[in-house]
Every structure is written in structure tokens, then in C-alpha cells.
Asker: 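Structure incoming, see below.
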Amino acid sequence: MVCSRPTYVGYVRFWIMPELPEVETIARGLAKRVTGDLIESVWLGQKKEPLKSPAAQIAKALEGSRISSVRRVGKHIVFDLDPAPAAQKLSRPRSKSRRRTTSQDLAHAGHGLQAASHVQWIVHLGMTGSLRVCEPQTEIAKHTHAILKLASGRELRFVDPRRFGRLSVATAFDGTGLEPLEVDLARFVALFRGRKTPIKSALLNQKLLRGVGNIYADEALFRAGIRPRRRASSITRDHLAKLYAGLQRVLNEAIELGGSSISDYVDADGEEGFFQLRHRVYGREGEPCRVCKTPIKRVVIAGRSSHYCPECQK
DNA sequence: ACTATTTCCTGGATGC
DNA sequence: TGCATCCAGGAAATAG
């Protein structure tokens with residue numbers, strides 16, 4: 001499974017939520033499967049929440065385009081598209097039963113982007129979004145919001161029960177914030193200078209760093225020995241260096257684990273396994289710290305549950 | 001310019 | 001068993 005249903009690891013139930021490592025894994029899996037494929041037609045559902053760009057604009061950008069690459073930017077999945085030759089766009093047969101919105105329906109809607117040479121389809125999975133490569137006969141899951149019919153005969157489907165995910169198109173998508181695995185230590189340290197907000201909130205702020213979510217923020221803070229409520233500006237350079245290293249370590253470990261499950265999980269119904277990092281604090285309230293046995297604490301910071309070891313983190 | 005809080009959304013868990 | 005309530009999360013919107 002990807003992130004649309006719980007999976008079981010021992011006795012503990014986890015939702016696989018897409019943060020940087022999961023999105024990286026998903027993007028790599030998709031790149032393997034759909035790079036070079038042609039998007040023949042697009043169906044978009046009626047729910048408005050998942051569509052950050054107008055439906056007409058999304059359909060127009062995608063239909064007839066070829067997927068030249070798939071990559072991750074922060075928590076976003078970016079599909080780089082080679083635009084269709086103009087003549088190709090108007091002659092595609094498509095299934096009647098599923099179509100609701102296509103570029104032809106709204107050809108005169110007046111949205112731009114057609115002149116751009118680098119159009120991109122941007123997908124944010126939110127909490128429960130998933131992208132699935134499946135055969136056309138595969139039953140359409142509840143909460144399917146987009147179906148891309150590919151020239152290879154398969155379909156790429158976007159499914160998202162809670163509709164926190166977002167679909168949009170762009171021409172030079174650049175995200176916000178810095179990539180945690182690319183930023184150097186000096187810039188990382190500078191991000192927190194003068195910030196009174198709790199370090200946990202700063203880590204979650206996508207305008208500072210992109211791709212870090214609730215789980216990896218908690219895990220990185222544990223590895224750095226820093227309590228989540230500490231004001232960012234009060235943390236010494238030495239401890240920020242530990243945070244920098246801890247964050248990179250935990251993200252890289254999780255990506256490596258993802259790499260081992262990459263082959264299965266975006267196929268078919270998207271419910272294949274996904275190896276999960278063994279959390280040290282996240283979701284372990286009351287359980288003994290893996291280092292010192294002290295019970296893990298849970299507090300709420302900016303509306304997000306935050307877990308830490310009161311002994312190991314100061 | 002920052003920071004904190006509220007809102008969106010479904011379904012699984014929990015409580016009476 | 002049934003029904004109401006709470007909770008999870010990212011990020012945009014709102015308020016201070």
C-alpha cells in the first residue's frame with residue numbers, strides 16, 4: 001500500500017504518510033514506469049479541492065504530452081512534460097463513460113501555458129494521496145480524482161480520500177525553501193537565526209526547508225538531542241550541526257528503505273508493501289526510549305503531536 | 001516580517 | 001448495535 005490505508009508492522013498500526021523519503025521513493029517508482037509514456041487523455045473528477053489549477057488548464061497541459069521525467073521537489077512530485085505537437089491533440093478517441101473534463105471541452109476557456117516549452121504536472125499527495133499505475137480494467141477506487149490514459153495502455157490514477165492532495169500545472173516549478181539533503185551546514189544554521197518559533201515548527205515550515213513533515217521532524221530532533229519546543233534561535237550552532245546531521249541521516253535511511261520496496265508499490269492497486277523506518281519517538285508515547293528506557297512524551301505544538309524523550313532531549 | 005491559530009477532509013477508533 | 005465524537009496530517013487562510 002502507499003498511503004491510502006493503514007499497514008501493520010508488528011502490533012503497531014501506521015499510516016504511511018508521504019514526507020520527503022516517501023515522495024522520493026514514489027517519484028523514483030513512477031519514473032521507472034511512466035517516463036517516455038504519452039498521455040493520451042485525461043479525466044478529472046468533480047471534487048474541487050484536489051485541483052489547484054483550473055481543470056481546463058490541467059487537462060490542456062497534460063493531454064497529448066509526453067512524460068520526459070518524474071522527480072521530487074520537497075513533498076511535490078514533478079512530471080516534466082514535452083508538449084504535444086499541435087495537430088496531435090485533436091484526434092484522440094476516448095472513453096465516454098469516464099470523461100468529464102478534457103481540453104477539448106474547454107478549449108476556449110482562455111487559460112495559458114500552451115506556449116511554454118516546459119510544462120509540468122505537479123502533484124502533492126497531502127496525507128492520503130496516492131498515484132497508481134494500473135491496467136484500465138482495474139476497478140476504479142473510491143476517491144479517484146484523476147485518470148491519465150497512457151499510450152502504453154496503462155492508466156495513471158490519482159486517489160486521495162481526504163483530499164488534502166493537490167494537482168496543478170506549472171512552467172518552472174521551484175517549490176519553496178531549501179532541500180534538506182542539498183543545503184550546506186552554514187545555510188542550514190542561518191535558517192533558524194532570530195526565529196522565536198519552536199524548532200519543531202521551524203522544521204515543518206516549508207518556506208525554510210522543504211519536505212520535512214511531522215514524523216521526520218520528531219525523529220531528527222531525537223537524534224540531535226533537542227526538545228521540540230526549544231525556540232529555534234536559542235539553539236547553539238553545535239546543536240544545529242547535530243540537527244543537520246541527524247535530519248540528513250534519518251531522511252537518507254528512510255530513502256534507502258524505500259528503495260527496497262520501490263519495485264512493487266505503485267503498481268496495480270497501489271497496496272503493496274512499503275518498508276517503514278523503525279521510529280524512535282514518533283507514535284511511541286509512553287513507550288520506553290530505545291536509548292535510555294525513559295517513557296516517550298507527547299505534546300502538541302502548533303496543533304501537531306510531537307514526541308520526544310525527556311531524558312535524551314534537552 | 002513573523003508567529004500563532006483555524007480550516008479543510010475522511011475514516012478508523014473510541015465512548016456511551 | 002448504533003450513533004456521536006474525536007483524531008490524524010500539510011498547507012493555505014486568517015488573525016494578531
Side-chain angles (χ1 to χ4, degrees), chain A residues 1-9 11-24 26 45-54 72-78 122-131 141-146 158-168 170 173-180 190-220 228-235 251 254 270-271 274 276-277 279 281-286 298-307:
Chain A
M1 71 121 260
V2 183
C3 35
S4 59
R5 68 163 51 180
T7 188
Y8 295 88
V9 181
Y11 296 102
V12 184
R13 179 174 216 165
F14 292 110
W15 282 90
I16 306 290
M17 282 166 294
E19 298 185 29
L20 187 154
E22 291 75 25
V23 178
E24 177 69 31
I26 289 163
Q46 296 290 293
K47 298 291 185 188
K48 62 183 188 307
E49 295 89 355
L51 305 183
K52 201 174 167 185
S53 303
R72 177 194 62 78
V73 174
K75 295 176 195 170
H76 298 265
I77 299 168
V78 178
I122 313 297
V123 178
H124 193 298
L125 298 173
M127 270 187 77
T128 56
S130 60
L131 281 165
K142 198 177 172 185
H143 307 298
T144 296
H145 305 295
F158 175 69
V159 182
D160 184 11
R162 290 187 199 174
R163 310 209 291 270
F164 274 18
R166 294 291 181 266
L167 308 179
S168 61
F173 184 79
D174 197 23
T176 59
L178 301 170
E179 281 290 336
L191 288 177
F192 305 105
R193 205 163 285 152
R195 294 197 178 267
K196 293 174 190 154
T197 198
I199 185 65
K200 169 69 181 281
S201 299
L203 286 172
L204 293 179
N205 184 346
Q206 303 296 298
K207 291 187 172 68
L208 302 181
L209 291 172
R210 61 190 187 206
V212 182
N214 206 35
I215 297 172
Y216 293 100
D218 280 5
E219 294 297 317
R229 270 205 221 275
R230 280 282 300 281
R231 300 211 173 248
S233 59
S234 76
I235 300 170
L251 293 174
E271 291 175 8
F274 196 119
Q276 177 106 15
L277 200 68
H279 299 145
V281 286
Y282 183 82
R284 300 193 65 242
E285 182 184 13
R298 187 185 85 95
V299 295
V300 175
I301 300 171
R304 297 289 162 259
S305 61
S306 305
H307 313 73

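Within every chain, numbering begins at 1; the chains are lettered A, B, ... in the order of the sequence lines, protein sequences first and strands thereafter. All values derive from a computational prediction rather than experimental measurement.
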Asker: Taking atom CD1 of A:I235 and atom CZ of A:R193, what is their separation to the nearest 0.5 Å?
Answerer: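 It is 13.0 Å, given to the nearest 0.5 Å.
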Asker: Quick check on side chain to side chain contact (heavy atoms under 4.5 Å, CB included): which of A:L203, A:T176, A:L20 does A:L209 satisfy it with?
Answerer: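 Of the listed residues A:L203, A:T176, A:L20, the side chain to side chain contact (heavy atoms under 4.5 Å, CB included) partner of A:L209 is A:L203.
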Asker: Could you pull out the protein-nucleic contacts involving nucleotides 3-5 of chain B (nitrogen or oxygen on both sides, under 3.5 Å)?
Answerer:
residue	atom	partner	partner atom	Å
B:dT3	OP1	A:K196	N	2.9
B:dT3	OP2	A:R195	NH1	2.9
B:dA4	OP2	A:T197	OG1	2.8

Asker: For B:dT10, does either OP1 or OP2 sit under 4.0 Å from a side-chain N or O belonging to A:R163?
Answerer: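 Checking A:R163 against B:dT10: at least one side-chain N or O falls below 4.0 Å of OP1 or OP2.
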Asker: Hey, is the main chain of A:G283 close enough, under 3.5 Å, to the side chain of A:E285 for a donor-acceptor pair?
Answerer: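 Side chain of A:E285 to backbone of A:G283, a donor-acceptor pair under 3.5 Å: no, none is there.
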Asker: Write down the distance between CD1 (A:I301) and C1' (C:dA8), rounded to a whole number of angstrom.
Answerer: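 Result: 16 Å.
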Asker: Looking at B:dG11, I'd like to know if its phosphate oxygens (OP1 or OP2) sit under 4.0 Å from a side-chain N or O belonging to A:K142.
Answerer: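 Affirmative; the distance criterion is met.
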Asker: Go through the side-chain N and O atoms of A:D160 and A:H145 and say whether any donor and acceptor fall under 3.5 Å apart.
Answerer: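 No - no donor-acceptor pair under 3.5 Å links their side chains.
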Asker: One pair to check against side-chain contact (heavy atoms from CB on, under 4.5 Å): A:L208 and A:R195. What are the steps and the verdict?
Answerer: CA-CA 11 Å; A:L208 302 181; A:R195 294 197 178 267; 3.5 Å; yes
Asker: Give, for atom CD1 of A:I199 and atom CZ of A:R229, the distance between the pair rounded to the nearest 0.5 Å.
Answerer: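 The CD1 atom of A:I199 sits 14.5 Å away from the CZ atom of A:R229.
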Asker: OP1 or OP2 of B:dG11 sitting under 4.0 Å from any side-chain N/O of A:H143?
Answerer: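 Yes, within the criterion.
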Asker: Let's go through A:E179 and A:R210 carefully: what are the C-alpha distance in whole Å and the side-chain angles of both, what is the deciding distance for salt bridge (Lys or Arg N to Asp or Glu O under 4.0 Å) to 0.1 Å, and is it a yes or a no?
Answerer: CA-CA 6 Å; A:E179 281 290 336; A:R210 61 190 187 206; 2.8 Å; yes
Asker: Taking protein heavy atoms under 4.0 Å as touching, what does nucleotides 9-16 of chain C look like 5' to 3' if B marks base contact, S marks sugar-phosphate-only contact and - marks none?
Answerer: BBBS----
Asker: Applying the side chain to side chain donor-acceptor pair (under 3.5 Å) criterion to A:N214, which one of A:R304, A:E219, A:H307, A:K200 satisfies it?
Answerer: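 It is A:K200; the other options fail the test.
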